[in-house]
Trainee: 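Pasting in a structure now, in structure tokens, and then I'll have a few things to ask.
These numbers come from the heavy atoms of this one structure, side chains and all, not from hydrogens, waters or symmetry mates.
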Amino acid sequence: MANTIANVILNDGGSIDEVISTTLVVLPLGTAALGLVLMLLGKFRLLDIVSYLPMPVIGGYLAFIGYFCLEAGVALCIGKPMTTISDWAYLLEPHSLLLATPGLLAALVLTIISRKAKNDAVLPIAMVTIPAFFYLVLFLCSVTLDEARDSGWIGEETPPVPPRELIHLVDFNLVHWSMIKKCMGTWVGMLFVVAFASCLDIAAVSIDMGKPLDTNKEMVTVGASNFMSGLCFGFTGSYIFSQTIFTYRTGCHSRLVGVFIMAAYLFVCVSPINILSVAPLFFLGSTLIFIGYDLLWEWLIDIREKLFLMEYIVLLTTFVAIQIIGMDFGILFGVVVAVIDHVASTTRIISLQRVIKRSRAVWSNDHWQILQLHGYHPSNPKIITLELSGPVFFGSSQKVMDEIMEEIGLSVSEDEIRSLTDASPHASTHISGLRRNSMKRIQAKPKISLPRYVVIDVSEMHLLDASAATSCFGQLAKLCEKRGIFLFAAGLLPRVEWMLRSHEVSLKFEEEVEWKKSILLNKEKQNGKLILFETLFEALEFSERLLIQSKSKGRGHEHLLRSDVSQMNSQLVGSDSTHHKLTYIFTNILREELSEDEKTLIDGIEPFYDETTFRAGEPIFQKDTHPDAFYIVLKGTVAVPRDRKRSEKIGISKPLSSSNLMEQSLSMSNLMAIGDDDTGLISSFHNVGGIFGYCDFLLKRQRTFHAYASGDGTVVARFTSQSLEAMKRDDWPLYVIVQNLLLQASLMDLANCTCHN
């Protein structure tokens, strides 16, 4: 701004007095305005962005401050300006090296004392002793101050300027007020620089102190100081970082330090004596070098043991970048490197593991045996479940696709690679990886039968970008279709679901519902799409139904739209069956042939439970309530939401259940508005025969989840502690069967690693 003012006025034929008057008015006005804006920014808490700066980047900035203090201290010792790395060549001169050596050694002594001394008084005493020793040496060697000044040990003597002379420098009649408009652009830039630099200083001081500082509150202080400085014809400033750290490290934490500094500055201003003309320059320089030593050691040496290697590289990169391209762009470069490191690190934390899980559906013994022999065979299962966690994006999609293909046992031919390249513009980046990893799988693994149904639990995959959606899941679905493999995904977050459907990796919701119905009726074939499900257990039940359908040739398919127990219970309505409806549920869950006597015992269970009917969305029980009973679903479906906010959406006109193939879901128009913290709607469904609420009931703890009826006419059997006690007293054999039932349900949930029951 001063250069702009001087150039414009002098080019227009103005005088030096006009330049001085205009500069001493416009610059302080800019300082006052800047201070006012900083106060407003801090008042409205608009500076929290500094908290997002990576710690290694701030560490590199602190190391630069240490280097800057070291450089400035040496420059003060030798009496020459040092602003670039090449200026260190001054120390090759014998006289400059002689002048700098006492300062370097004195700073080293101060550094050792500050780190080793136990008494806070040692460091101040040392700082008084150093200049006293200098004057003692001059006295003993009979060297005058003028002689020491001529040799460069003391600053040059300059005539003092009385404070009243400062007032006469400003003549308001000579001020060019039009320069305010011309300096506005520079002032805006200065505002950003000062605000950013001050935020960095605050963050650096906070880290060095090891205590949190309120950035906005501190910025109000900086703004108020600049405002008052501008009103008193002062210029823009921020924290004196070295002085702040020096004061803190000497153990002086009193506000009186600030009062003393103000008094000292006032004394320097009004004193006829120039402090630099009598104080040893090496001592003044050693105080800066001391701070430089301390910061450089702490942030380049000590910090190595506290950071990962890549974080330390980010710190060093920031430190070097600031030296080369300046502070602002150096900090920005460090942030970019930190972001790149974060992206690279994120690609390595993707977790894909194969797990053994089954649906909650209650199947007949024959169907159970089909699932045991084919679906979940130990060495050659037709249904496999994969759990995928972490973000999947352009940087990690190749790794995820390779791992999924390895788990499935897929290999890719050259023709398929070329077809994938033609199908998607995103696939080209995966070609070399597909070819290389496919060859490895062919050479490393014997040929085995591929699974028929692959279910991927993506409930912990919190991020999916467009590149990964098409190049990973889209291509994977096409490869699976060519090999007759159904690829399902379950537990999707709304944003992930929207991404997959909008890029046509998955079908539109209505089309998907129709496809599921048609495939169960054997009227549809694979479509090369990723099929989505609300919950993992819903996807597993769907897979089990398709497998049972394929192994039950010669039978109709309509009955597979419902679980076995649901079908049997519907047949019992209005029939003359000789057994109670719970008898069929008990038989299928216990997986054993009950004798007629045992079935007769279960037929007499009706006095020991209450049968309750619920409307759609009506709560069966709420979280954090007393567990007074456990429940068995007799009709309809019970939904367990992931959280209370989501559960409020269940009371809708359409029922929510896996039996009707997710006919209710989030609409596409609502998906874009969903926040990143959305965790989906439903955790699990309990269909006919499902047992829920027993864990909290048996442990006598508060309910840990909500349970809602997902459709009108949902019927549950409610077993209370009083009814179980009566059963235990009056019908011990039946009580044993019920205990076995709960044990079997517990084992199934334990095998599935569920966490809400």
Trainee: Measure the spacing between NZ of K306 and CH2 of W299 and express it to the nearest 0.5 Å.
Mentor: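 The CH2 atom of W299 is 7.5 Å from NZ of K306, to the nearest 0.5 Å.
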Trainee: Is there a donor in the side chain of E218 and an acceptor in the side chain of T215, or the other way round, less than 3.5 Å apart?
Mentor: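 E218 vs T215: no donor-acceptor pair found between side chains.
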Trainee: Does CZ belonging to F393 count more than 12 external heavy atoms closer than 6.0 Å?
Mentor: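 Enclosed: over 12 neighbouring heavy atoms sit under 6.0 Å from CZ of F393.
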Trainee: Which heavy atom in L110 sits nearest to a heavy atom in F290, and how many Å separate them?
Mentor: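 Result for this residue pair: O-CE1, 3.6 Å.
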Trainee: Rounded to the nearest 0.5 Å, how far does CG of N226 lie from CG of L231?
Mentor: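 If we round to the nearest 0.5 Å, L231:CG and N226:CG are 11.0 Å apart.
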Trainee: With distance as the sole criterion, is a donor-acceptor pair present between the side chains of S229 and T31 under 3.5 Å?
Mentor: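 Per modelled atom types, S229 and T31 side chains form no pair under 3.5 Å.
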Trainee: I'd like to check L281 versus C77 (side-chain heavy atoms, cut-off strictly below 4.5 Å). Are they in contact?
Mentor: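 Heavy-atom side-chain distance check fails, nothing below 4.5 Å.
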Trainee: Taking side chain as C-beta onward, heavy atoms only, is I303 less than 4.5 Å from L315?
Mentor: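 Contact flag for I303/L315 side chains = yes.
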Trainee: Sub-3.5 Å donor-acceptor pair from the side chain of S21 to the main-chain atoms of V175, do we have one?
Mentor: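 Absent.
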Trainee: To the nearest 0.5 Å, tell me how far T22 OG1 sits from I20 CD1.
Mentor: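 Reported value, rounded in 0.5 Å steps: 10.0 Å.
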Trainee: CZ of F68: more than 12 outside heavy atoms within 6.0 angstrom?
Mentor: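 For F68, atom CZ is not crowded (no more than 12 foreign heavy atoms under 6.0 Å).
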Trainee: Is any side-chain heavy atom of L70 less than 4.5 Å from a side-chain heavy atom of L288?
Mentor: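 Of all side-chain heavy-atom pairs linking L288 with L70, none is under 4.5 Å.
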Trainee: Would you compute the distance between atom CG of L76 and atom CZ of F283 and round it to the nearest 0.5 angstrom?
Mentor: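 Reported value, rounded in 0.5 Å steps: 11.0 Å.
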Trainee: Take L145 and Y135 through the side chain to side chain contact (heavy atoms under 4.5 Å, CB included) test and state the conclusion after the steps.
Mentor: CA-CA 9 Å; L145 290 179; Y135 292 123; 4.2 Å; yes
Trainee: Can you establish whether the number of heavy atoms outside F133 located under 6.0 Å from its atom CZ is more than 12?
Mentor: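 Count not over threshold, so no.
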Trainee: With side chain to side chain contact (heavy atoms under 4.5 Å, CB included) as the criterion, how do L92 and L97 come out once you've worked through the C-alpha distance, each side chain's angles and the decisive distance to 0.1 Å?
Mentor: CA-CA 7 Å; L92 298 178; L97 180 61; over 6 Å; no
Trainee: Give me the one residue out of I325, T318, I58 that meets side chain to side chain contact (heavy atoms under 4.5 Å, CB included) with I331.
Mentor: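 Among I325, T318, I58, the one meeting side chain to side chain contact (heavy atoms under 4.5 Å, CB included) with I331 is T318.
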Trainee: Going by heavy atoms in the side chains, are V137 and F139 under 4.5 Å from each other?
Mentor: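 No. Closest side-chain heavy atoms not under 4.5 Å.
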Trainee: Can you give me the closest heavy-atom contact between V314 and G334, atom names plus distance?
Mentor: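 Heavy-atom minimum between the residues: CG1-O, 3.9 Å.
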Trainee: So with a 6.0 Å cut-off around CD of E147, is the heavy-atom count from everything else above 12?
Mentor: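 More than 12 within 6.0 Å, yes.
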Trainee: Can you tell me if R149 uses its side chain to pair, donor with acceptor, with the backbone of G152 under 3.5 Å?
Mentor: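 No; zero donor-acceptor contacts below 3.5 Å.
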Trainee: Can a donor-acceptor pair be found, under 3.5 Å and without considering hydrogens, that links the side chain of W153 to the backbone of A148?
Mentor: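 No.
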Trainee: Shortest non-hydrogen contact from L38 to M219?
Mentor: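 In this case the closest contact between L38 and M219 is O-CG, 3.8 Å.
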Trainee: More than 12 non-hydrogen atoms from neighbouring residues, nucleotides or ligands closer than 6.0 Å to NZ on K80, yes or no?
Mentor: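 Yes.
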Trainee: Looking only at heavy atoms, which two atoms of I113 and A126 are closest? And how far apart?
Mentor: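 Between these two residues, the closest heavy atoms are CD1-CB, 3.6 Å.
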Trainee: Does the D87 side chain pair with the main chain of T84, one donor and one acceptor, at a distance under 3.5 Å?
Mentor: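 Confirmed, D87 side chain pairs with T84 backbone.
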Trainee: Roughly how far apart are L62 CG and L300 CG, rounded to 0.5 Å?
Mentor: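 L62 atom CG to L300 atom CG measures 10.0 Å (nearest 0.5 Å).
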Trainee: Below 4.0 angstrom, N of the basic side chain to O of the carboxylate: do R304 and E311 qualify?
Mentor: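 No, R304 and E311 are not salt-bridged.
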Trainee: Indicate the atoms forming the closest heavy-atom contact of I5 with C183, along with that distance.
Mentor: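 So the two residues come closest at CG1-SG, 3.9 Å.
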Trainee: Measure from the side-chain N and O atoms of D171 to the backbone N and O of N173, and report whether any donor-acceptor pair falls under 3.5 Å.
Mentor: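 Between the backbone of N173 and the side chain of D171 there is a qualifying donor-acceptor contact (under 3.5 Å).
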Trainee: Do M82 and I78 pass the side chain to side chain contact (heavy atoms under 4.5 Å, CB included) test, and can you show the C-alpha distance, the side-chain angles, and the key distance before you say yes or no?
Mentor: CA-CA 10 Å; M82 294 178 62; I78 65 178; 4.0 Å; yes
Trainee: Within the supplied structure, the quantity of interest is the number of heavy atoms (other residues, nucleotides, ligands) at a distance under 6.0 Å from E156 CD; does it exceed 12?
Mentor: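 Not more than 12 within 6.0 Å, no.
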Trainee: Below 4.5 Å, heavy atoms only, C-beta onward: do P102 and F134 meet side chain to side chain?
Mentor: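 Not touching, per the 4.5 Å side-chain cut-off.
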Trainee: Output yes when a side-chain donor or acceptor of Y293 lies under 3.5 Å from a complementary backbone atom of L104, and no otherwise.
Mentor: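 Side chain of Y293 to backbone of L104, a donor-acceptor pair under 3.5 Å: yes, one is there.
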Trainee: What is the distance from atom CG of D302 to atom CZ of R115, rounded to the nearest 0.5 Å?
Mentor: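 Taking CG in D302 and CZ in R115, the distance rounds to 5.5 Å.
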Trainee: Do any N or O atoms from the side chain of E18 and from the backbone of S15 form a donor-acceptor pair under 3.5 angstrom?
Mentor: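 Between the backbone of S15 and the side chain of E18 there is a qualifying donor-acceptor contact (under 3.5 Å).
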Trainee: F282 versus L99: any side-chain heavy-atom pair under 4.5 Å?
Mentor: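 F282 vs L99: side chains apart.
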Trainee: Could you tell me whether R495 and D465 have a side-chain N and a carboxylate O separated by less than 4.0 Å?
Mentor: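 Salt bridge absent between R495 and D465.
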Trainee: Does any N or O in the side chain of S114 come within less than 3.5 Å of the main-chain N or O of T111, such that one atom is a donor and the other an acceptor?
Mentor: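 Yes; at least one donor-acceptor contact below 3.5 Å.
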Trainee: Are L41 and R45 side-chain neighbours, meaning at least one heavy-atom pair lies under 4.5 Å?
Mentor: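 No, their side chains stay 4.5 Å or more apart.
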Trainee: Begin with the C-alpha distance, continue with both residues' side-chain angles, and end with the deciding distance and a verdict on ring pair (Phe, Tyr, Trp, His ring centres under 6.0 Å) for F319 and Y61.
Mentor: CA-CA 6 Å; F319 173 67; Y61 171 71; over 10 Å; no
Trainee: Determine the minimum heavy-atom distance between S397 and C472, stating which atoms define it.
Mentor: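 Smallest heavy-atom distance, with atoms named: O-SG, 3.7 Å.
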Trainee: Which word best sums up how the rings of W88 and Y67 line up, parallel for under 30°, tilted for 30 to 60°, or perpendicular for over 60°?
Mentor: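 Answer is tilted, since the angle falls between 30° and 60°.
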Trainee: Do any N or O atoms from the side chain of D341 and from the backbone of V337 form a donor-acceptor pair under 3.5 angstrom?
Mentor: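 Judged by distance alone, no pair lies under 3.5 Å.
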Trainee: I would like to know whether I9 and H176 meet side chain to side chain contact (heavy atoms under 4.5 Å, CB included); could you show each step before the answer?
Mentor: CA-CA 8 Å; I9 293 178; H176 290 233; 4.0 Å; yes
Trainee: Side chains of W177 and V25: does their closest heavy-atom pair fall under 4.5 Å?
Mentor: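 They are in side-chain contact.
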